[in-house]
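Heavy-atom basis, side chains included; hydrogens, waters and symmetry copies ignored. Note that the structure is a prediction, hence the values are computed from the model and not measured.
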Amino acid sequence: MSLEESLREIRLAKIARLRELGCDPYAIEKFDMSHTVTETVEGFEKLTDIPLRVAGRLHSMRVMGKAAFADLHDGTNKIQLYFRKDDVGETLWEVVGLLDIGDHLGVEGKTMVTRTGEHSIHVAALWPLSKPLHSLPLGKAKDGEHYNAIADTELRYRHRHLDLIANPEARKMLVDRMLVTRAVRHYLDQNGYLEVETPLLQVVAGGAAARPFLTHYNAYEMDVKLRISLELYLKRLICGDLPRVYEIGRVFRNEGISNRHSPEFTMLEFYEAYTDLEGMMARVEGLFRSVAQEVFGTSVVSVPMRDERDEETGAFVELDFGKPWRRVGMLDEISRLSGIPVDNLHDYESAKAGMAKVGLPTENEHSLGGILEKLLEHFVEPTLIQPTFVVGYPIETSPLAKKVPGDPSMTRRFEGYVLGREVCNAFSEINDPVDQRERFEQQVAEREKGDAEAHPMDEEFLFALECGMPPTGGCGIGIDRLAMTLTGARHIREVLLFPMMRPERDRGFGVSPSRNEGELRRDEGACEEGE
RNA sequence: GAGUCGGUAGCUCAGUCGGUAGAGCAACGCCCUUUUAAGGCGUGGGUCCUGGGUUCGAGUCCCAGCCGACUCACCA
């Protein structure tokens, strides 16, 4: 018998005994608690001499003959329990002996302070509320240090529930991320925006430069794609005279995984009619300030400094979202930091020459836009620690943004940067249907030249524009990236509850390797049939 | 996609030159009525990621594969 099997047998035997004692750990449906663990800890001084009913999960047991101590956790806080045979009686004392680390438990008792000063509950009665069939790798903790808790990154991601139970830091980061989403909603709701939902399954997946996931809809015998952005449907709503709309939703891009990229991620896009870049900048400033205030209680957020060369210095930087963001022109800032004269940044040949002169490779550069984005990335981005807007982006990479009057090579677009990372992308939306059609045609030409990520033509969207769209500002923010920035996460998986992982093969399901591969082949066959 | 590193008990990790597989925690038994990474005595627990190869002998060396981590490249 393997260890896991024997442990399971032992746990099942304990459950059987608990049932004999009238303490079935799965029988109780509702436990009336007078206080949560957190309320008990925080209000401890005022709760003396009244019976408390508290529930949580046991994280450690210290049994000492005819007395025992245990730590009861609620995920955020813990309270120590004190059991004494003389106080609970023969039967419940046997129940105490049948408890395991990981059990859910409800207790009733009064407050007690131990000899060493620890706030505790002196248990008078207890009710098992669940018993795991596995030994949970919760480890032990002292002075904030954790020992032996589940730490392997792969196990943490694959069995996230164990990570949430065992690792308070991981738990806090994930919870903060959810609170960020909630705070974003609050801000937009309070500013007159309507939250909407648009299709995930699309025939034409547009609005961004990315490769979509393909799937098949049987009823219409039709290939469809998972959306890569929210943009075009939201602007169709603006055309429908819904003047302020936003959506927070999952988008899917069939690309690689890295510490900043997940194949599915959560996108926020919001569109506001009758406003321009200035209006959008004010919105972004307001949104970040409001989110920081709501989640962290301050507009100045302290996060670990991002420095790839020296990750463990422990240096922190204070990001101030209370002030208006710094604003720089893209060309001006590239020129200032690279030394290439601004005049040389307006045409492809001069820019390429300038790029070569500052020592960057130019073989793969085929457009002015590409060169400018490379120069931006190399010279400017690392300097943009405090919140900054970079204004004015080249037209080639901005097919949905209005042209700058008098400079057809540039668009009315800005990106926000924090900690050297892009955190938002916004522009004044094209509402001239003829201009938009030309931009799409340009993209289709790129696509035919082999750029799989260039935009497809979207006639339905163009029809909406031809029916009239008011001047509109739009903005997109990657919620996962936003959460990473605010929580100091180093990997996007740290702010995703269940990140994409390759399936484990031949393990854990009692399926033989040959059978497993046979199933794999059948699945692939079904896919081909679908496409 | 490329490079580097890793996979040993349920968890965290050692394992030297190729020579019987180790520790702590967790589990089980006994002692212990204010402990707190409780403590003491004892017991059980291994597909050393998988498959080949070299060898008298492989956790260790070689080859292939699987999974992961990190860095780089594309993208948000």
Sugar-phosphate only, base, or nothing, as touched by D480(A) at under 4.0 Å among non-hydrogen atoms: nothing

Base partner of C41(B), which must satisfy Watson-Crick or wobble distances under 3.5 Å: G29(B)

Select one nucleotide: of U35(B), U33(B), A76(B), the one nearest the side-chain heavy atoms of S120(A). U35(B)

By nearest-nucleotide position on RNA chain B, the 5'-leaning member of G139(A) and I492(A) is G139(A)

Heavy atoms from C-beta onward define the side chain here; which of U33(B), C11(B), A27(B) lies closest to that of Y82(A)? U33(B)

Side chain of T114(A) only, please: which of U35(B), A26(B), G68(B) is the nearest? U35(B)

For nucleotides 37-39 of chain B, tabulate all protein N/O to nucleotide N/O atom pairs closer than 3.5 Å, reporting atom names and distance.
| residue | atom | partner | partner atom | Å |
| --- | --- | --- | --- | --- |
| A37(B) | OP1 | K142(A) | NZ | 3.3 |
| A38(B) | OP1 | K140(A) | NZ | 2.4 |
| A38(B) | OP2 | R62(A) | NH1 | 3.4 |
| A38(B) | N6 | V63(A) | O | 3.1 |

Distance, C1' atom - from G44(B) to G51(B), rounded to whole angstrom: 32 Å

Quick one: are the ring centres of F288(A) and F321(A) less than 6.0 Å apart? yes

Could you check whether F265(A) gets within reach of a base, just the sugar-phosphate, or nothing at all, counting any heavy atom under 4.0 Å? base

Given the C1' atoms of G10(B) and U47(B), what is the spacing between them in whole Å? 16 Å

Can you check whether R8(A) has a side-chain N or O nearer than 4.0 Å to OP1 or OP2 of A27(B)? no

Which value, in whole Å, describes the distance between the P atoms of nucleotides A64(B) and A23(B)? 36 Å

Can you tell whether the side chains of D103(A) and R57(A) come within less than 4.0 Å, N to carboxylate O? no

Roughly how many Å is it from OH in Y157(A) to P in C67(B), rounded to a whole number? 18 Å

Separation of the P atoms in A21(B) and C66(B), to the nearest angstrom: 30 Å

What is the nucleic acid contact for A68(A), judged by heavy atoms within less than 4.0 Å: base, sugar-phosphate only, or nothing? nothing

Which base, if any, makes a Watson-Crick or G-U wobble pair with U47(B), both distances under 3.5 Å? none

Applying a 4.0 Å non-hydrogen cut-off, can you work out what A151(A) is touching in the nucleic acid: base, sugar-phosphate, or nothing? sugar-phosphate

Whole-Å P distance, G24(B) and G65(B): 39 Å

Among C67(B), A26(B), U33(B), the nucleotide that comes nearest once only the side chain of A67(A) is considered: U33(B)

Pairing partner of U4(B) (Watson-Crick or G-U wobble, both distances under 3.5 Å): A69(B)

Using a heavy-atom cut-off of 4.0 Å across all strands, would you classify E145(A) as base, sugar-phosphate, or nothing? nothing

Could you check E422(A) against R493(A) and say which one's nearest nucleotide on RNA chain B is further toward the 5' end? R493(A)

Would you measure the distance from the C1' atom in U35(B) across to the matching atom in C48(B) and give it in whole Å? 38 Å

When the P atoms of G18(B) and U60(B) are compared, how many Å lie between them, rounded to an integer? 11 Å

Need one value for K14(A): base, sugar-phosphate or nothing, where a base atom within 4.0 Å counts as base even if backbone is also close, heavy atoms only. sugar-phosphate

Considering only side-chain heavy atoms of T153(A), which listed nucleotide, U12(B), A69(B), C74(B), is closest? A69(B)

By nearest atom, which of the nucleotides A73(B), U12(B), C28(B) is closest to the L155(A) side chain? U12(B)

Will you find, in the side chains of T397(A) and E373(A), an N or O donor that is under 3.5 Å from an N or O acceptor? yes

Is the closest side-chain heavy-atom distance between T388(A) and V328(A) below 4.5 Å? yes

C1' atoms of C61(B) and A2(B), separation to the nearest Å: 27 Å

Would you say the side-chain atoms of Y147(A) and E145(A) include a donor-acceptor pair closer than 3.5 Å? no

Complement of A58(B), any strand, by Watson-Crick or G-U distances under 3.5 angstrom: none

N-O pairing of D71(A) and R62(A) below 4.0 Å: yes

Option among Y417(A), F427(A), F414(A) that satisfies the ring pair (Phe, Tyr, Trp, His ring centres under 6.0 Å) test with F389(A): F414(A)

Where the side chain of K66(A) is defined as all heavy atoms beyond and including C-beta, which of C11(B), C32(B), A73(B) is the nearest nucleotide? C32(B)

Under-4.0 Å salt bridge between K374(A) and E377(A): no

N or O in side chain of R84(A) less than 4.0 angstrom from U33(B) OP1/OP2: no

Strand partner of A23(B), provided both Watson-Crick or wobble distances fall under 3.5 Å: U12(B)

Among U35(B), A26(B), C11(B), which nucleotide sits nearest the side chain of F69(A)? U35(B)

Remember a base hit wins even if backbone is also touched, and classify H59(A) as base, sugar-phosphate or nothing at under 4.0 Å, heavy atoms. nothing

Check this for me: does the side-chain of Q80(A) come within 3.5 Å of the base of U35(B) through a donor and an acceptor? yes

Let me know the distance between CD of E154(A) and C1' of C49(B), rounded to the nearest Å. 10 Å

By the 4.0 Å heavy-atom rule, please label T266(A) as base, sugar-phosphate, or nothing. nothing

What's the CG-P distance between L138(A) and C11(B), to the nearest Å? 13 Å

M501(A) CE: over 12 foreign heavy atoms closer than 6.0 Å: yes

Run the side-chain donor-acceptor check on residues 82-91 of chain A: report pairs under 3.5 Å with partners two or more places apart or on a different chain.
| residue | atom | partner | partner atom | Å |
| --- | --- | --- | --- | --- |
| R84(A) | NE | D87(A) | OD2 | 2.9 |
| D87(A) | OD2 | H122(A) | NE2 | 2.6 |

